[in-house]
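Sequence lines set the chain letters: A, B, ... in the order given, protein chains first and strands last, and positions in each chain run from 1.
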Number of protein chains: 2
Amino acid sequence: MLFSKSCEYALRATMYLAQMESNEKVGIKVIARDLNIPADYLNKVLQTLVQQQLVSSAKGRNGGFYLTKNELNKPLINIVHAIDGKEVFYRCGLGIKNCSSKKPCPLHNDIKAYRDNIKIALSNNSIASSRSQIDSGEVFLSK
Amino acid sequence: MLFSKSCEYALRATMYLAQMESNEKVGIKVIARDLNIPADYLNKVLQTLVQQQLVSSAKGRNGGFYLTKNELNKPLINIVHAIDGKEVFYRCGLGIKNCSSKKPCPLHNDIKAYRDNIKIALSNNSIASSRSQIDSGEVFLSK
DNA sequence: GTGCTTATATGATCTATGTCATGTTTTTTT
DNA sequence: AAAAAAACATGACATAGATCATATAAGCAC
């Protein structure tokens, strides 16, 4: 439970969109079905991403969600920041207010080391970079 | 937010009790004040630990919570298992049902490494082991 | 044994998160 | 221009987690 459910949905949907051909729009129902996520809820999450200009959308017939080239090149961590904020990577694992590297809690170093790891991975990998991994069957977004 | 708040409280309270002299009982109000946790809520959490025989308690005047030698030697991970269950260490970071090492999600490997390490640290360190670190001022449980 | 102090048990309330439902606006098609 | 299809916006509802509150039971001191 590192990320909120909204954030998990956001990451999966974004990676899903990254698999599409450039500018191919996908309707919310299709995304929701493919990823096994409640459509109305995912809709709400994606709206937030659209507002933050991390995902694009088009209304009307044949409309849907899609990623521009510019958006594809943004790091995945932007999605996390948009939904869960930056705090997820810094909050003390024991909930201690003044926990820091100078005054660490007993779990601080272990938790920091590996949270940093995820943070770096999400910062270095663009949204687009997940595409090749998924295409090759190396990793999966659903069964 | 790796652990639930209840679990954070449980870990902190247990480490706190580990600092006491053998068999010294501490009332809930004192623990709650020192750790800056709502007393009634912490009370509930500690009751669970008592039921699971991870913490001991005594009723009546001069009663309170304490740790036996046997309890001091148990690994910290028992606390996590008692409150949050074993699942915390295994649930997919993107909430994908069938995520596994054989069919990993894009974040699987990064998250796995992160959590395994914490799991190992909590498994290898006994409740008592936190005492020396805290005594020496190396780590802290509150400001 | 009486009274006080403490844990124990239970449940009510609050809050945040997640889900569902409805209506509105925009765009395309005919 | 009308109709349909889609995102957009808003709010109601459900659930779980966290907090607060009250009553009960057990043990100690005198």
Would one find a side-chain N or O of B:Tyr9 under 4.0 angstrom from OP1 or OP2 of D:dT19?
-> yes

Taking all non-hydrogen atoms of both residues, which atom of B:Leu35 and which atom of B:Arg12 are closest, and how far apart?
-> O-NH2, 2.6 Å

Produce a footprint string for nucleotides 3-13 of chain D: one letter per nucleotide, 5' end first; B if the base is under 4.0 Å from any protein heavy atom, S if only the sugar-phosphate is, - if neither.
-> -SBBSBBBB--

Contact class for A:Tyr66 vs. all strands (heavy atom < 4.0 Å): base, sugar-phosphate, or nothing?
-> nothing

Non-neighbouring partners of A:Arg61 that pass side chain to side chain donor-acceptor pair (under 3.5 Å), sequence neighbours left out = none

Rounded to the Å, how far apart are B:Ile37 CD1 and D:dC20 P?
-> 12 Å

Taking for each residue the nucleotide of DNA chain C with the nearest heavy atom, is it A:Ser6 or A:Asp40 whose nucleotide lies nearer the 5' end?
-> A:Ser6

List in chain and number order the residues that pass side-chain contact (heavy atoms from CB on, under 4.5 Å) with B:Val26, two or more places apart in sequence or in another chain; answer none if no residue qualifies.
-> B:Tyr16, B:Leu17, B:Met20, B:Val30, B:Ile31

Contacts of type side-chain contact (heavy atoms from CB on, under 4.5 Å), residue B:Ala32, not counting sequence neighbours = B:Ala39, B:Leu42

Using a cut-off of strictly less than 4.0 Å between a heavy atom of the residue and any atom of DNA chain C, enumerate the qualifying residues of residues 77-94 of chain A by number.
-> none

For chain A, the stretch of DNA chain C it reaches, first to last nucleotide, under 4.0 Å of its heavy atoms | C:dG18 to C:dT29

Under the ring-ring contact (aromatic ring centres under 6.0 Å, His included) rule, what pairs show up with a residue in residues 39-67 of chain A, not counting sequence neighbours?
-> A:Tyr9-A:Tyr41

Listed partners of A:Asp84 passing side chain to side chain donor-acceptor pair (under 3.5 Å), at least two apart = A:Ser4

Partners of A:Gln47 by side-chain contact (heavy atoms from CB on, under 4.5 Å), sequence neighbours excluded?
-> A:Asn43

Using the ring-ring contact (aromatic ring centres under 6.0 Å, His included) rule, collect all pairs that involve residues 68-94 of chain B, keeping only residues at least two apart or in two chains.
-> none

Please list, chain by chain and in numerical order, all residues satisfying side-chain contact (heavy atoms from CB on, under 4.5 Å) with B:Leu11, sequence neighbours excluded.
-> A:Leu94, A:Leu107, B:Phe3, B:Cys7, B:Leu76, B:Ile79, B:Val80

Under the ring-ring contact (aromatic ring centres under 6.0 Å, His included) rule, what pairs show up with a residue in residues 101-123 of chain A, not counting sequence neighbours?
-> none

